[in-house]
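To keep things clear, I will list the structure first and then write my remarks on it.
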Amino acid sequence: MFKTRLISGIVLVAAALVLIVTGGEVLLAASGVISLTGMYELYRVYQIERTPAAGIGYLAAVIYYADLYFAWIPDRMIYIIGVLILLLAVYVLSYPKYHASEIMAVFFGIFYVAAMLSCIYQTRVMQNGAYIVWLIFLCSWGCDTCAYCVGVKFGKHKMSPVLSPKKSVEGAAGGLAGTFLLTVLYAFVFQEQMGITTVQIFLLAAISTIGGVISMIGDLAASAIKRNYEIKDYGTLIPGHGGILDRFDSVIFTAPVIYYLAAYLVS
């Protein structure tokens with residue numbers, strides 16, 4: 001299992017490297033496919049993945065991603081409200097085919113998976129985005145790796161004993177410290193290319209650390225959903241890791257945090 005997980009992890013990192021370095025339409029299309037796959041996994045938890053309501057969710061996500069490229073929607077808030085109204089129309093006109101929780105799950109999937117993951121692409125296209133986008137992964141996968149290493153060695157106090165008994169307070173602290181240091185090192189290496197000051201380097205490190213805190217919430221939130229519905233993994237797409245949502249659970253949360261904090265505090 002460890003060997004399979006390691007190989008899958010290396011392939012995943014390599015794929016992320018290629019997609020993010022390439023950027024542009026390739027990254028946008030890949031993000032869209034990943035989002036649709038994640039939505040399918042989430043909808044499968046509610047057993048609605050092949051229903052007309054889920055179809056509206058998939059279509060809404062496709063239109064949302066297309067708008068990131070063509071910018072044809074004048075106000076995305078109006079679009080989101082319109083999608084919700086459409087889903088509620090399906091709910092009442094086909095009553096009692098769907099339970100209210102299923103309609104809510106469809107809408108939740110559009111926002112939780114598609115909209116939030118789209119911030120990877122949106123970060124990539126912003127000023128210095130080719131460099132800042134990597135903070136999303138530093139404060140999710142990097143934090144998780146550092147937390148695991150410190151937790152295994154020094155973990156004594158359970159952070160969430162019921163939801164995730166293997167996670168410790170010491171591991172969490174180690175993950176955040178590791179995230180801060182990794183970001184400082186990364187930013188110093190690319191300081192000239194990014195054209196940032198030393199103060200901005202530590203500001204980026206602080207942003208990554210905040211992202212690290214949020215990544216833990218994202219990880220635990222995904223685990224809580226699985227516990228509620230008594231499933232081990234969201235899928236089997238990534239050997240040794242599970243599905244898209246199992247591997248991207250923290251990235252989903254850190255992507256919008258890094259995008260908005262970097263946009264307002266660094267640019």
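Closest approach of T254 and I136 over heavy atoms only: OG1-O, 3.3 Å. In plain terms, the two heavy atoms of I103 and A53 that are nearest each other are CD1-CB, 4.2 Å. Taking both residues in full, the closest heavy atoms of G174 and C146 are given as O-CB, 3.8 Å, listed atom of the first, atom of the second, then distance. Scanning both residues, V251 and S140, for their nearest heavy atoms gives CG2-OG, 3.4 Å. Minimum interatomic distance between Y40 and R50 (heavy atoms only, all atoms of both residues): OH-NH2, 3.2 Å. The shortest non-hydrogen separation linking G235 to E41 is CA-OE2, 4.4 Å.
Side-chain atoms of F188 and I196, non-hydrogen and from C-beta on, never get closer than 4.5 Å to each other. Between L86 and F107, every side-chain heavy-atom pair lies at or beyond the 4.5 Å cut-off. The side-chain heavy atoms of L245 and K226, taken from C-beta on, include no pair separated by under 4.5 Å. Using a 4.5 Å heavy-atom cutoff, the side chains of I81 and I85 are in contact. Residues I73 and I63 are in side-chain contact: their nearest non-hydrogen atoms beyond the backbone lie under 4.5 Å apart. Side-chain contact check for I258 versus C139: some heavy-atom pair is nearer than 4.5 Å.
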Carefully, step by step, assess L68 and R76 under the rule side chain to side chain contact (heavy atoms under 4.5 Å, CB included). CA-CA 10 Å; L68 291 176; R76 286 180 189 158; 3.3 Å; yes
After noting the C-alpha distance and the side-chain angles of D144 and S250, does the key distance pass the side chain to side chain contact (heavy atoms under 4.5 Å, CB included) rule? CA-CA 9 Å; D144 184 58; S250 56; 5.7 Å; no
So V90 and K97, side chain to side chain contact (heavy atoms under 4.5 Å, CB included) or not? Walk me through it. CA-CA 9 Å; V90 170; K97 180 177 181 178; over 6 Å; no
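When atom types are taken as modelled, the side chain of Y91 and the backbone of Y98 share no donor-acceptor pair closer than 3.5 angstrom. No donor-acceptor pair closer than 3.5 Å links the side chain of S208 to the backbone N or O of A205. Judged purely by atom type and a 3.5 angstrom limit, S164 has no side-chain atom pairing as donor or acceptor with the backbone of S160. Between the side chain of D246 and the main chain of D233, no donor-acceptor pair closer than 3.5 Å is present. Panel note: side chain D249, backbone A222; no donor-acceptor pair is recorded below 3.5 Å.
For the side-chain hydrogen bond (donor to acceptor under 3.5 Å, both in side chains) test, no residue two or more places apart in sequence or in another chain qualifies with T123.
For CE of M104, the number of neighbouring non-hydrogen atoms (other residues, nucleotides, ligands) closer than 6.0 Å is 12 at most. Environment of CD in E192: sparse, with no more than 12 heavy atoms of neighbouring residues, nucleotides or ligands closer than 6.0 Å. Within 6.0 Å of the OH atom in Y148, the count of heavy atoms belonging to other residues, nucleotides or ligands does not exceed 12.
Ring-centre distance between Y186 and Y131: not below the 6.0 Å cut-off. For Y121 and Y65, the distance between ring centers is not under 6.0 angstrom.
Here E102 contributes atom CD and F108 contributes atom CZ; the two are 15.5 Å apart, rounded to the nearest 0.5 Å. Of the inter-residue distances, the one linking L28 atom CG with L19 atom CG reads 11.5 Å to the nearest 0.5 angstrom. Note that OG1 of T183 is 5.0 Å distant from CG of L138, once rounded to the nearest 0.5 Å. For the atom pair Y260 OH and M126 CE, the distance stands at 10.5 Å (nearest 0.5 Å). S215 contributes atom OG, which lies 12.5 Å from atom CZ of F137 (distance to the nearest 0.5 angstrom). Atom CG of L176 sits about 10.5 Å away from atom CD1 of I210, to the nearest 0.5 Å.
Aromatic ring pairs are classed by plane angle as parallel below 30°, tilted from 30° to 60° and perpendicular above 60°; the pair F202 and F180 is tilted. Using cut-offs of 30° and 60° for the angle between ring planes, the Y58 and Y43 rings count as tilted.
Under the 4.5 Å side-chain contact rule for hydrophobic residues, M116 and L220 do not share a cluster. Using a 4.5 Å cut-off between side-chain heavy atoms of Ile, Leu, Val, Met, Phe, Trp and Tyr, with links allowed through other members, L27 and V33 fall into different hydrophobic clusters. If you chain together hydrophobic residues whose side chains sit under 4.5 Å apart, L59 and I48 fall into the same group. Under the 4.5 Å side-chain heavy-atom criterion for ILVMFWY residues, no single connected hydrophobic cluster contains both L182 and M216.
Judged by distance alone, the side chains of Y259 and R124 never bring a donor and an acceptor atom under 3.5 Å apart.
The cationic atom of R44 (NZ for Lys, CZ for Arg) does not lie both less than 6.0 Å from the six-membered ring centre of Y234 and within 45° of the ring axis.
Within the structure, the salt bridge (Lys or Arg N to Asp or Glu O under 4.0 Å) test picks out the following pairs touching residues 160-179 (sequence neighbours left out): K167-D219.
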